[in-house]
Amino acid sequence: MEKIIINGGRRLTGEVEISGAKNAVVAIIPATILARGVCRIENIPNISDVDAMIKILHRLGAEIKMINKSTLEIDTTHIRSTVVEHDMSKLLRASYYFIGSLLGRFNRATVAMPGGCCLGVRPIDQHIKGFEAIGATVTMEENAMVDVRAERLLGTSVYFDVVSVGATINVMLASVRAKGLTVIENAAKEPHIVDLANFLNSMGADVRGAGTDVIKIRGVEELHGCEYAIIPDQIEAGTYMVAAAATKGDVLIKNVIPKHLESISAKLVECGVNVEEFDDSIRVWTDERPNHCGIKTMPHPGFPTDMQPQFSVLLAVARGNSMVSESVWDNRFRYVAQLHRMGAKITVDGKSSFIEGVEELRAAPVKADDLRAGAAMVIAGLIARGTTEIEEIHHIQRGYDNIIEKFRSLGADIELCTVPDEKNTVLSVG
Ligand code: EPZ
């Protein structure tokens with residue numbers, strides 16, 4: 001078992017480089033199935049969700065070469081299998097993108113229901129609605145396998161009842177080679193949707209409107225290999241921005257697209273934190289305790305739900321009372337129980353939390369309940385007085401490239417420990 005150990009109280013200063021976006025790369029890796037030829041993809045983050053996607057692709061029969069630590073070459077020409085079993089799909093939520101991509105190429109996919117962070121009910125009814133609209137038959141088989149097949153995929157209009165990142169991506173993947181025009185209405189607008197559209201277009205697809213709520217996809221006969229670089233991770237960048245503010249630090253966050261960070265920057269400014277945007281970097285600094293503010297999570301361009309736990313840590317030590325409303329997920333406050341152990345004063349009522357800012361947090365043994373909850377624990381550990389130990393850090397490793405080294409380079413006293421059993425005897429530190 002691995003733990004993160006943090007001696008809190010150090011101000012973060014310096015520069016940090018943001019890696020490729022997790023939620024873009026986990027869509028783009030399965031999208032390579034649609035191409036005939038080699039795709040060379042750069043700016044791949046070193047995270048366990050990428051390892052899982054590569055494992056699945058490899059098992060399907062793809063050839064994957066690691067060119068350097070952030071570049072992959074993927075050749076899916078010889079894929080024959082259209083089945084993703086439980087042992088693979090349980091590794092992450094994005095395994096369901098293999099439904100759209102296998103369906104798009106082979107008119108058939110059998111994929112076990114996906115795993116992923118536990119954020120409340122995570123239905124896939126909108127994905128199914130989209131597949132059925134373009135001519136597929138969807139059957140839920142025994143063992144929670146989703147079987148999707150079509151004689152021929154035919155473009156049509158698909159209206160989503162809820163704004164869903166996953167359903168938008170899955171229907172884009174399934175329809176790029178369908179006959180005719182597919183129009184996705186009430187589509188998600190997140191930066192990773194635009195990145196996937198750009199990737200598909202680099203392979204010869206005809207996708208227009210990504211980034212707005214209407215996406216038009218004109219089916220093409222064939223897609224070819226391409227070279228592509230993944231966009232920077234909006235949420236990783238936001239996490240370092242909040243960590244800089246929470247530690248009263250001064251950090252230049254490099255390799256970002258400031259436009260993607262506007263909702264986070266705006267809230268930091270509302271809290272009295274200084275934010276300065278450059279072309280591809282953003283500086284965040286303060287030497288004061290933040291002011292309180294209200295937050296409501298929304299689909300892009302609203303405040304991202306994936307920043308809600310991290311920002312709540314900042315508000316937990318802010319001057320005054322704040323209210324946080326979670327409008328995307330039913331159950332994204334599990335981390336609050338961990339923050340209580342550190343002295344935070346937060347009450348949760350349904351999908352809202354009420355935060356009474358305290359002067360400081362104190363260290364405690366805590367765990368990462370999910371990916372962003374884990375990031376919130378790291379920020380809490382960085383500002384708390386004393387030594388914080390975080391367990392279940394595999395959640396954090398799913399989405400944060402080199403988090404220990406990056407925070408350490410900013411002056412944090414943070415390390416990874418490997419412990420052999422429940423007695424938690426320290427074996428190695430590094
Ligand atoms: C993506 O999840 C992200 N994951 C999540 O990131 C993120 O929290 C979420 O989008 C919202 O931004 C990936 O991109 C791999 P949704 P996804 O479909 O696609 C409901 C992180 O920390 N819904 O946009 O699963 C659903 O219940 C993670 O990086 C339906 O009702 O989210 C939710 O309330 C965790 N029916 C809302 O829509 C459906 O068929 C948004 O879900 C699909 C979704």
Side-chain angles (χ1 to χ4, degrees), residues 19-31 45 47-50 52-53 56 89 91-100 113-133 138 140 146 148 158-173 184 186-196 213 230-231 233-239 260 263-264 297-311 325-332 334-335 351 368-376 395-401:
S19 301
K22 170 185 89 91
N23 288 343
V25 74
V26 296
I28 285 173
I29 289 175
I47 53 175
S48 64
D49 269 10
V50 165
M53 292 309 272
I56 299 174
S89 68
L91 297 173
L92 76 172
R93 193 77 194 157
S95 55
Y96 60 19
Y97 294 149
F98 285 100
I99 309 180
M113 281 294 282
C117 289
C118 178
L119 310 171
V121 187
R122 298 186 77 172
I124 61 162
D125 57 301
Q126 298 304 306
H127 303 235
I128 293 173
K129 180 180 179 178
F131 296 141
E132 287 179 341
V138 183
M140 290 298 288
V146 187
V148 185
V158 180
Y159 178 84
F160 287 134
D161 304 315
V162 295
V163 178
S164 162
V165 170
T168 303
I169 288 177
N170 244 336
V171 173
M172 286 167 76
L173 293 170
I184 304 177
N186 201 20
K189 298 184 283 228
E190 270 64 8
H192 27 290
I193 305 277
V194 179
D195 209 31
L196 173 66
D213 47 21
I230 306 284
I231 49 162
D233 195 304
Q234 172 202 27
I235 305 301
E236 188 197 17
T239 301
H260 294 169
S263 60
I264 303 163
T297 68
M298 309 262 274
H300 192 78
F303 187 89
T305 171
D306 295 344
M307 280 304 300
Q308 184 262 100
Q310 304 91 310
F311 214 96
S325 306
E326 173 57 57
S327 72
V328 178
W329 296 113
D330 290 338
N331 187 7
R332 207 166 200 173
R334 289 192 307 154
Y335 67 88
K351 289 170 72 173
D369 281 309
D370 59 55
L371 169 59
R372 307 306 170 187
H395 288 296
I396 301 173
Q397 290 159 338
R398 287 188 40 208
Y400 287 91
D401 186 348

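In each ligand, atom 1 is the first atom listed, and ligand 1 is the first ligand listed.
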Determine whether any heavy atom of [X] lies closer than 4.0 Å to an atom of ligand 1.
{"X": "F160", "value": "no"}
{"X": "R332", "value": "yes"}
{"X": "H300", "value": "no"}
{"X": "A188", "value": "no"}

With a 3.5 Å cut-off and no angle check, do the side chains of Q397 and S48 form a donor-acceptor pair?
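There is no such pair between these side chains.
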
Under 3.5 Å, N or O to N or O, is [X] touching ligand 1 that way?
{"X": "L371", "answer": "no"}
{"X": "P123", "answer": "yes"}
{"X": "V328", "answer": "yes"}
{"X": "V26", "answer": "no"}
{"X": "S164", "answer": "yes"}

Counting only N and O atoms by type, is there a donor-acceptor contact under 3.5 Å from the side chain of E236 to the main-chain atoms of Y400?
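No; zero donor-acceptor contacts below 3.5 Å.
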
Verify, without hydrogens or angle tests, whether D195 (side chain) and A24 (backbone) share a donor-acceptor contact under 3.5 angstrom.
no

Salt-bridge criterion met for D306 and R332 (N-O under 4.0 Å)
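Counted as a salt bridge, because a side-chain N and a carboxylate O are separated by less than 4.0 Å.
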
Does a salt bridge link K22 with D233, judged by any charged N lying under 4.0 Å from a carboxylate O?
no

Set of side-chain contact (heavy atoms from CB on, under 4.5 Å) partners for V163, sequence neighbours left out
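Residues passing side-chain contact (heavy atoms from CB on, under 4.5 Å) with V163: N186, A188, P299.
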
